[in-house]
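For reference, the structure discussed in these notes is given below.
By convention in this document, chain letters (A, B, ...) are assigned in the order of the sequence lines, proteins followed by strands, and residues within each chain are numbered from 1.
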Number of protein chains: 2
Amino acid sequence: MPETWKATAKAMLSRHFLLGQLPDSLLDDLLGHAQFRRYKRGESLFRKGDPGDALLAVILGKIRISTLSAKGQEVVLNMLGPGDVFGEIAFLDGKPRTADAAVVEDTGLLTLERKSFLPYLEENPKVAIKLLGVLCERLRWVSDSFEDIVFLELPARLAKRLLRLTENFGHQEPSGLRIDLKLSQQELGHMTGVTREAVNKVLRIWEKEGILTIERAALTIHQPEGLRAILENP
Amino acid sequence: MPETWKATAKAMLSRHFLLGQLPDSLLDDLLGHAQFRRYKRGESLFRKGDPGDALLAVILGKIRISTLSAKGQEVVLNMLGPGDVFGEIAFLDGKPRTADAAVVEDTGLLTLERKSFLPYLEENPKVAIKLLGVLCERLRWVSDSFEDIVFLELPARLAKRLLRLTENFGHQEPSGLRIDLKLSQQELGHMTGVTREAVNKVLRIWEKEGILTIERAALTIHQPEGLRAILENP
DNA sequence: GTGGAACCGTGAACTGGTTCACAGAGCCCT
DNA sequence: AGGGCTCTGTGAACCAGTTCACGGTTCCAC
């Protein structure tokens, strides 16, 4: 998408659950301020504490949002794919970034700079209101994750995470839903706030029960209901 | 404050870290849409999942924001005092409340209804932008709490919480900073995601070390540095 | 193809925090 | 002023998840 990126990006944004409701002309305006760039897998986009203040939208590829503890322990907060928007916090308040963002596989991103956008925002309250919606959504998500980690124990947390991953990244296959993010058990541990070994033990139990099968960089869920059941009861 | 509440409320809001920067006329406008009411201690303002969509501001008194797990375990997310604003999420997106709010001690609240405010918002982008700031602030706070709970263990979490409480609710006394929220060790447990007994054990150690003294419904911190030190190392 | 590197599987010992159980302290209501 | 409450202190058994340790797999680069 070397030169046609604007069209693709517009199509993508207009499919966004909130931004999509904006009138066509406003979307064009927005894109007028934006830039498109490609990134290679492994690249770091920014780190927690960095001053950057751009808003980013994933056009294609996969992005990992994470944080490191003082002792180097990592937590993956989210995995993003095409259509997802991130970096809104620093973008909106101009303060340091709240987490790390890195490219998981080759990616194209839309970038919107704070300074080129703020004046525009004042004149377009509709856009501001949409953004309020985006932030509320994000806030609900984070609060939810918070509750999960204090209330649920590992099996439930892991089940929930896998279900969420299937929603965003699962392909339907004859044998079941396949998640083929390059997802090591280590990473799954980081997503659930737990060690590699603990994840392994739970996954193997589920494999024995026929709920899923484990492959190298992928998982196939045969019985999503099995996972849902774990969420419901003790 | 039976009839003069508008003046008091205005004074309070103008001291708010973000809303205070709004021009005087806008503040008056805002207050024109607001209502004042008193609440008795123990009253529930709303529960998670309720449809309510008002924005609330504490004029005086104390409010507890919390959630319950499926099995009835409670987590206190925050304690609010005069000048604090809450309920913005449901207010802004019109969806169900994300947590419970209850009155800890007799309280006066300013209430702003979503429907009477939304049209106004479209015409005053400056207010929308301030609200974006408020949401960013909240998002940073929640993300922070999230990291605390996965990265820090109990002593550090508790130390951090106590320091935060002294900031908002501590009185300076000859012997040290006194927190006299009616704060049972049970509640402290709820705030740190841990049992009453676990809190007790840590507090007693600190008492023996002279960092603080425990009274019935209060704590006196003699050496805040002691707590800060716990945050820094292992 | 082959040698390393990164990932997976699993078991044993350990640990921070829970659960249960019970005894004492302070509080408030009549 | 005394009887019940809720809150505190503490110890013993227990448990989910960690840490450590090590052997086996799969992948990829040369």
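Between the CG atom of A:Leu154 and the C1' atom of D:dC15 there is a distance of 14 Å, rounded to whole Å. B:Lys182 has its NZ atom 14 Å from the C1' atom of D:dT6, to the nearest Å. If you take CD of B:Glu215 and C1' of D:dT8, they are 14 Å apart, rounded to a whole angstrom. Between B:Asp180 atom CG and D:dC7 atom P the separation is 17 Å, expressed in whole Å. At whole-Å resolution of the value, CG in A:Leu188 and P in C:dC7 are 13 Å apart. What separates CZ of B:Phe151 from P of D:dT18 is a distance of 13 Å, to the nearest Å. Following rounding to the nearest Å, A:Glu187 (CD) and C:dA6 (P) show an atom-to-atom distance of 14 Å. The interatomic distance linking B:Leu219 (CG) with D:dT8 (C1') rounds to 13 Å, in whole Å.
With DNA chain D read from its 5' end, the first of the two nearest nucleotides for A:Leu152 and B:Ile214 is the one closest to B:Ile214. The nearest heavy atom of DNA chain D to A:Val199 and to B:Gln186 marks one nucleotide each, and the one closer to the 5' end goes with B:Gln186.
Of all nucleotides listed (C:dA12, C:dC8, D:dT8), C:dA12 comes nearest to the side chain of A:Lys201. Minimum atom distance to the side chain of A:Arg196 is reached by C:dT10, of the listed D:dG17, C:dG17, C:dT10. The side chain of A:Arg216 has D:dC27 as its nearest neighbour among D:dG9, D:dC27, C:dG17.
Formation of a donor-acceptor pair under 3.5 Å by the A:Glu207 side chain with backbone atoms of A:Ile214 is found in this model. Without hydrogens or angle criteria, B:Arg178 side chain to B:His171 main chain gives no donor-acceptor distance under 3.5 Å. Using modelled atom types, one side-chain atom of B:Asp100 and one backbone atom of B:Lys48 make a donor-acceptor pair closer than 3.5 Å. Remark: the backbone N or O of A:Ala90 is not paired with any side-chain donor or acceptor of A:Arg97 at under 3.5 angstrom. With A:Gln223 contributing its side chain and A:Gly210 its backbone, the two residues share a donor-acceptor pair below 3.5 Å.
Taking side-chain N and O atoms only, B:Thr195 has no distance below 4.0 Å to OP1 or OP2 of C:dG17. Taking only side-chain nitrogens and oxygens, A:Gln185 comes nearer than 4.0 Å to OP1 or OP2 of C:dG9. Between A:Asn200 and C:dC8 there is no side-chain polar atom (N or O) within less than 4.0 angstrom of OP1 or OP2.
Scanning atom types as modelled, no donor and acceptor separated by under 3.5 angstrom connect the side chain of A:Glu197 and the base of C:dC8.
Among the heavy atoms of the strands lying under 4.0 Å from B:Arg204 are primed sugar atoms or P, OP1, OP2 only; no base atom is included.
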